Chemist: 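The structure's right below; bear with me while I get my questions together.
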Number of protein chains: 2
Amino acid sequence: MLTEERQKFILDTLNKKGIVKVNELVKTTDASESTIRRDLTHLEDLNKLKRVHGGATLLEGRYNEASFKDKLIHKQEEKVAIAKHAASLIEDGDSIYLDAGTTIYEMTQFINQKDIFVVTNGIDNVEPLLEKGINVYILGGKIKSKTKAVTGVDAITNLSKFRFDKAFLGMNAIHLEYDLTTPDTEEAKMKEKAIDLSGESFVLVDDSKFNKVSFVKVADLDRVTVITNKENRHYEEYLQKTDIEVGTE
Amino acid sequence: MLTEERQKFILDTLNKKGIVKVNELVKTTDASESTIRRDLTHLEDLNKLKRVHGGATLLEGRYNEASFKDKLIHKQEEKVAIAKHAASLIEDGDSIYLDAGTTIYEMTQFINQKDIFVVTNGIDNVEPLLEKGINVYILGGKIKSKTKAVTGVDAITNLSKFRFDKAFLGMNAIHLEYDLTTPDTEEAKMKEKAIDLSGESFVLVDDSKFNKVSFVKVADLDRVTVITNKENRHYEEYLQKTDIEVGTE
DNA sequence: TATATTATGATTGGTTGTGACTGATAATAA
DNA sequence: TTATTATCAGTCACAACCAATCATAATATA
């Protein structure tokens, strides 16, 4: 049985039964325990299942929502690696700003600190955080239908009264000369304000966003720490302008 | 049976029966008494159940609202009838307030007017409305994890600047003498404020909520129009105190 | 062809879950 | 009240499970 084939089989079985056991998989797939374990670990990294002692279960809350599946496929693996690394930076007691957007949304799955306070403008971030028992504050304002982000004057006003330890932001483009840019004016303002209000700011971008320019400037590169998934070809040059952290699973 | 599997089984059984006994679980799960006991202790730590001598019970008192998903199933058909009728009252050009809660959530799928402006404190209401191309404004503030409602001082402040044509509210109890009541102080304030700000206010309640009293008073009966699913036994008396509309699919 | 890269199964020592047992505590009956 | 029984939390040794490592086999790349 091929690796991919076996992993697909595991997911299929899981979807049918809701839970799989290492023992049973060893018998049914005729692979060794080590291999099954590796498969499960890998699939967990991809956020496809949850490992438990003796096997794995379905992720709760996530699998049923059909509409999300599509968006999350693009650069899924990279986003997960980045999100995981970003989430690991959160410490107990932190007050955090979470931007809207799919990469940041991935982060919510990996946040383990409960004693934190999260402010967000992303509707989709709310539920997974609440499920983890985390305090969530949603910014008030008009909601953009495309990104499900809260933006506008009210959102900025609402945001302004907070001070954050750390802000985590998505971004559409990052460039050595034109810095951080995004297509929407309103969202750009939100991001900029969040950077202003935060002790440290992290921008999460996969490697496809590098050396691109979008419409509205958000901030200079040196005001943030960039988190990405691999060292791209201009890595050294970027390092001279900003901090870069690489999440590698 | 894996640990997680067994614990899920315990919770499922508990939700079905309302109470579980250590003895019975030992037989049905084929685990030892020690293990079952450990499971129950663990689940109690997670606030999933309450341990009692000989087993465990659900933790649902008077101030303890059933979780969102459970509520969705409860009285589903009645809720749809009510929601449908309520949605039919919305007219083009209206500015609307939608409360959080499952009954109001049902409304969202029956709203056909696009040229309206909706303000809501219910996270779950946002997505279906956006999908229909409706303008949505979410109130900012702390989110209650159980009901996914935005509440608190900020939410009230945020709410106060609006004026609505119509407000649609859920309610936990309705009573001839004690009027409209709900278990949560913060949510009660939100509902009251919404009534203050709205030309007309509608309270959506299925027949099981009649002649009951909850903890915090929201408003007098005569300030709202009640929408319910059937004429209950005190119908005539209620009619003298308030307007009632009956949604019958 | 030679040389990386990746996937695999076996082995290790450490961790977690388990069942049996204990004496203590709570419910129930006399 | 006291006696009896059921249930309890705590401890122990053992089994199941785990991540980490290694050598080997399969596959890809030069």
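This is a predicted model, so every value here is computed, not measured. What's counted below: heavy atoms across the whole structure, side chains too, no hydrogens, waters or symmetry copies.
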Chemist: Going by an N to O cut-off under 4.0 Å, is there a salt bridge joining B:K8 and B:D12?
Modeler: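 Counted as a salt bridge, because a side-chain N and a carboxylate O are separated by less than 4.0 Å.
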
Chemist: Counting side-chain heavy atoms from C-beta on, which of D:dC18, C:dA20, D:dA9 comes nearest to B:S32?
Modeler: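 The answer is C:dA20.
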
Chemist: How close or far is atom P of C:dG17 from atom CG of B:L43, stated in whole angstroms?
Modeler: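 Checked: the CG to P distance equals 13 Å.
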
Chemist: Nearest to the B:T35 side chain among D:dC17, C:dT18, D:dC8, which nucleotide is it?
Modeler: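 Closest nucleotide to the B:T35 side chain: C:dT18.
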
Chemist: Would you call B:R6 and B:D30 a salt bridge, using N to O less than 4.0 angstrom?
Modeler: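 No salt bridge links B:R6 with B:D30.
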
Chemist: Give the nucleotide from the list C:dG19, C:dT8, C:dG17 with an atom nearest to the side chain of A:T3.
Modeler: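 Given the options C:dG19, C:dT8, C:dG17, the side chain of A:T3 is closest to C:dT8.
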
Chemist: Tell me whether A:D45 is salt-bridged to A:K84, with the criterion being a basic N under 4.0 Å from an acidic carboxylate O.
Modeler: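 Looking at A:K84 together with A:D45, the answer is yes, because their closest N to O distance falls below 4.0 Å.
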
Chemist: Name the closest nucleotide to the A:H53 side chain, picking from D:dC17, C:dG9, C:dG19.
Modeler: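 Looking only at heavy atoms from C-beta outward on A:H53, the closest nucleotide is D:dC17.
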
Chemist: In this structure, how many angstroms lie between the C1' atom of C:dT8 and the CD atom of A:Q7, rounded?
Modeler: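 A:Q7 atom CD is separated from C:dT8 atom C1' by 13 Å.
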
Chemist: For D:dA6, does OP1 or OP2 lie under 4.0 Å from any side-chain N or O of B:N23?
Modeler: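 Checking D:dA6 against B:N23, no side-chain N or O comes under 4.0 Å of OP1 or OP2.
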
Chemist: What is the separation between atom CG on B:D39 and atom P on D:dA9, rounded to the nearest whole Å?
Modeler: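 About 13 Å, once rounded to whole Å.
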
Chemist: From CG of A:L25 over to C1' of D:dC17, roughly how many Å is that when rounded to an integer?
Modeler: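 Between C1' of D:dC17 and CG of A:L25: 14 Å.
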
Chemist: Salt bridge check: are B:K142 and B:E186 linked by an N-O gap of less than 4.0 Å?
Modeler: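 No.
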
Chemist: Classify the nucleic acid contact of B:V52 as base, sugar-phosphate or nothing, counting any heavy atom under 4.0 Å across all strands shown.
Modeler: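 Answer is sugar-phosphate: B:V52 comes under 4.0 Å of backbone atoms only.
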
Chemist: Indicate, yes or no, whether a donor-acceptor pair under 3.5 Å links the base of C:dG19 to the side chain of B:R38.
Modeler: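 Yes, the side chain and the base share a sub-3.5 Å donor-acceptor pair.
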
Chemist: With a 4.0 Å cut-off on N to O distance, would you call A:K146 and A:D184 a salt bridge?
Modeler: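 Looking at A:D184 together with A:K146, the answer is no, because their closest N to O distance does not fall below 4.0 Å.
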
Chemist: Among the candidates C:dT8, C:dG19, D:dC17, find the nucleotide nearest to the side-chain atoms of A:R6.
Modeler: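 Nearest nucleotide to the side chain: C:dT8.
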
Chemist: Has A:S34 got a side-chain N or O lying under 4.0 Å from the OP1 or OP2 atom of C:dG9?
Modeler: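 For C:dG9, OP1/OP2 do not have a side-chain N/O of A:S34 under 4.0 Å.
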
Chemist: Given atom CD of B:E4 and atom P of D:dC17, what is their separation to the nearest angstrom?
Modeler: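 That distance rounds to 14 Å.
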
Chemist: To the nearest Å, how far apart are A:E33 CD and D:dA16 C1'?
Modeler: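 Result: 9 Å.
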
Chemist: Taking atom C1' of C:dG9 as reference, at what distance in whole Å does atom NZ of A:K27 sit?
Modeler: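 Nearest whole value for this atom pair: 18 Å.
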
Chemist: For the pair made of NE2 in A:H42 and P in C:dT6, what is the distance, rounded to whole Å?
Modeler: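 Checked: the NE2 to P distance equals 12 Å.
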
Chemist: Report yes if a side-chain nitrogen or oxygen of B:R51 is closer than 4.0 Å to either non-bridging phosphate oxygen (OP1 or OP2) of D:dC8; otherwise report no.
Modeler: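 Checking B:R51 against D:dC8: at least one side-chain N or O falls below 4.0 Å of OP1 or OP2.
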
